[in-house]
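Since we're looking at a predicted model, the values are computed, not measured.
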Amino acid sequence: MIGQHFYHRSIKKIIATFGSLFSDITVETGQKKIIKVPIHFSQKQKFIEVALGAPDVRDMYTDITLPVMGFEITNYLYNAEQMTNPINMQHKKLSTDKADFMFTSIPYTVGIELFVLTNTLDEAYQIVEQIIPFFTPQLTVTITDIDMHNLKTNITFDLTTISQDIQYESSFDEKRTIMFNFSFSAHTKFHSNPRTLDRIKKVLIDMKEADHESAFGKLTGTLNDENTFNWDIDNG
């Protein structure tokens, strides 16, 4: 139950999978040069402060230049519509005497916000047009979630909204930063702790012979090769 340590790295896998979707986006600059747009997992407000050259963070981040992309997780929401019977089990046989299993996975929707910062609208439009065609509005990625069970999980990313924002440092005559915000919903599953189940070797039933005959008729049996009885029912 709660308190037993286990860690499937499910949230890390969502972050890594989402970031990999946008890791190869490029833009053509004003000098006809093609550059790859870096992407970071970071808080949105920090990116805005760095892009605008805020004095208190300028020295903290020296490797962020525009254009750049970033994303962060915004919320977690239980998905009741996709929930199945919670006592269903996913099994993997370990040996003839033991089996490793987990109870059914719990469906969740994870909110993710992707933000794009550029110096020009043309660079922003290039990035937007490389993202939108792949979400109609969904994109599904299959990952290996738990190696020991060879458990595959489909993560479906829904692109829900796109918005544009223009940030100014102080006045319209000073530095301008173009920002596009993409809101995604990632439909995934979280898994419980693995457990071990021993094979049932013996069953004891507290019943007399008369009870058997009254319920099922006369019982006869033969001893098989495994030293257990094969029972036959004779209803007279």
Review point. Which heavy-atom pair separates Ile34 from Glu28 by the least distance, and what is that distance?
Key: CD1-CB, 3.5 Å
Practice item. Verify whether one side chain among Asp122 and Gln126 offers a donor that lies under 3.5 Å from an acceptor in the other. Key: yes
Point to revise | Any donor-acceptor N/O pair, Ser20 side chain to Thr17 backbone, under 3.5 Å | key: yes
Practice item. Taking the six-membered ring for Trp and the single ring otherwise, decide whether the centroids of Phe184 and Phe135 are under 6.0 Å apart. Key: yes
Exercise for review: Considering non-hydrogen atoms only, spot the tightest contact between Ser42 and Glu72 and give its length.
Suggested key: O-CB, 3.5 Å
Point to revise | Tyr125 vs Thr120 side-chain heavy atoms within contact, under 4.5 Å | key: no
Exercise for review: Inspect the surroundings of OH in Tyr78 and state if more than 12 heavy atoms from other residues, nucleotides or ligands are less than 6.0 Å away.
Suggested key: yes
Practice item. Locate the shortest heavy-atom distance separating Thr140 from Thr156; write the atom from each residue and the value. Key: OG1-OG1, 3.1 Å
Exercise for review: Could you point out which residue of Ile35, Ile25, Thr26, Asn119 forms a side-chain contact (heavy atoms from CB on, under 4.5 Å) with Pro67?
Suggested key: Ile35
Review point. Can you name the nearest heavy-atom pair linking Thr153 to Lys189, along with the distance?
Key: CG2-N, 4.4 Å
Point to revise | Ionic contact status for Asp145 with Lys152, cut-off 4.0 Å | key: no
Exercise for review: Answer yes or no: is there an ion pair linking Glu113 with Lys44, defined by an N-O contact shorter than 4.0 Å?
Suggested key: yes
